[in-house]
Number of protein chains: 2
Amino acid sequence: MRQEKIVDLANSENCPVRNVLDRFGDKWSTLILLVLGRKEPLRFGAIHRSIGTISQKMLTVSLKKLEADGLVDRTVFAEVPPRVEYCLTERGKSLLPVLQQLVDWANEHMEDIRASRAASGVD
Amino acid sequence: MRQEKIVDLANSENCPVRNVLDRFGDKWSTLILLVLGRKEPLRFGAIHRSIGTISQKMLTVSLKKLEADGLVDRTVFAEVPPRVEYCLTERGKSLLPVLQQLVDWANEHMEDIRASRAASGVD
DNA sequence: CAGAATCCCGTTTGATACTG
DNA sequence: CAGTATCAAACGGGATTCTG
């Protein structure tokens, strides 16, 4: 019987976990997916306002990555003024429940974590 | 009727999601939790070897954060040479299933993501 | 409106050396 | 062994300006 079902975490190139984490470990991607998960499609500006504190540069960059990974679809309408809509792909949607779990966990444990953090003096 | 059950994502201070993401969005925390989830307790050096590419500085920093958040327990043995063991707290363990879902998703979709990425020419 | 292009700075991260 | 201390490099990310 094999002892390791889990992929080798030491190999960052071939480990799916690390590979994916390298993407969603960034500051914004997860947030964007969650926003689109709430309501789609959304225009660039709508996402921007929805997150609030993201710069449009980072929003652009993050959306491009998500699009490159096939998690988000980008549709440009030939209008003036230009309109661009974003929505989740099937793959993107499949990630949503997982992220939702993370959100739920966060909601549930945040107060305790805050308290621990404060008590330990680590910011 | 209220329209928003989900916490306001625009408010980074009070939003549990962002607050938690700010922690696990880093490069190593998730990985460390997963490593400890596989086997505990583990000594500092064991975790270090298990992840492989992390510097011992970052491992120290990350472990401290996790300890401050009450996700990891640190036990120092009064021996020579010194021995320090790390294990998950109950809170830490409660996060594990969620992370495992993420791992599963990553395993399942990584190839497709890789392909999309390559096709798009990003990164 | 939706971005692209620059400039710029703070933080993160890694290498290296040192210590209890 | 399990860190701490320091320095330098790399990167993320914000502000601003410009375009189709």
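Each chain gets a letter, A, B and so on, in the order its sequence line appears, and its residues count up from 1.
Rounded to a whole Å, the NZ atom of B:Lys65 is 12 Å from the P atom of C:dT11. For B:Leu59 and D:dA2, the CG to C1' distance is 10 Å, given to the nearest whole Å. A straight line from NZ of A:Lys57 to C1' of C:dA5 spans 9 Å, rounded to a whole angstrom. When the C1' atom of D:dA2 is taken as reference, atom CD1 of B:Ile47 falls 11 Å away, rounded to whole Å. Distance B:Ile51 CD1 to C:dG14 C1': 15 Å, rounded to the nearest Å. Separating the CH2 atom of B:Trp28 from the C1' atom of C:dT11 is a distance of 17 Å, rounded to the nearest angstrom. Atom CE of A:Met58 and atom C1' of C:dG10 are 14 Å apart (whole Å).
Look at A:Lys93 and A:Glu90 and you find a salt bridge, because one of the NZ, NE, NH1 or NH2 atoms lies within 4.0 Å of a carboxylate O, short of that distance.
The closest side-chain heavy-atom distance from A:Val76 to A:Pro82 is not below 4.5 Å. Residues B:Leu96 and B:Leu36 have side chains not in contact (no heavy-atom distance under 4.5 Å, counting atoms from C-beta outward). Residues A:Ser50 and A:Arg38 have side chains in contact (heavy-atom distance under 4.5 Å, counting atoms from C-beta outward). You'll find the side chain of A:Glu108 stays beyond 4.5 Å of the side chain of B:Ser94, heavy atoms only.
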Short N/O separations, protein against nucleotides 1-4 of chain C, under 3.5 angstrom:
{"unit_1": "C:dC1", "atom_1": "O3'", "unit_2": "A:Arg43", "atom_2": "NH2", "d": "2.9"}
{"unit_1": "C:dA2", "atom_1": "OP1", "unit_2": "A:Arg43", "atom_2": "NE", "d": "2.7"}
{"unit_1": "C:dA2", "atom_1": "OP1", "unit_2": "A:Arg43", "atom_2": "NH2", "d": "3.1"}
{"unit_1": "C:dA2", "atom_1": "OP2", "unit_2": "A:Gly45", "atom_2": "N", "d": "2.9"}
{"unit_1": "C:dG3", "atom_1": "OP1", "unit_2": "A:Arg74", "atom_2": "NE", "d": "3.1"}
{"unit_1": "C:dG3", "atom_1": "OP1", "unit_2": "A:Arg74", "atom_2": "NH2", "d": "2.3"}
{"unit_1": "C:dG3", "atom_1": "OP1", "unit_2": "A:Tyr86", "atom_2": "OH", "d": "3.3"}
{"unit_1": "C:dG3", "atom_1": "OP2", "unit_2": "A:Tyr86", "atom_2": "OH", "d": "2.6"}
{"unit_1": "C:dA4", "atom_1": "OP1", "unit_2": "A:Lys64", "atom_2": "NZ", "d": "3.0"}
{"unit_1": "C:dA4", "atom_1": "OP2", "unit_2": "A:Lys64", "atom_2": "NZ", "d": "2.7"}
{"unit_1": "C:dA4", "atom_1": "N6", "unit_2": "A:Gln56", "atom_2": "NE2", "d": "3.2"}

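Looking only at distances, no side-chain donor or acceptor of B:Gln56 sits under 3.5 Å from a matching main-chain atom of B:His48.
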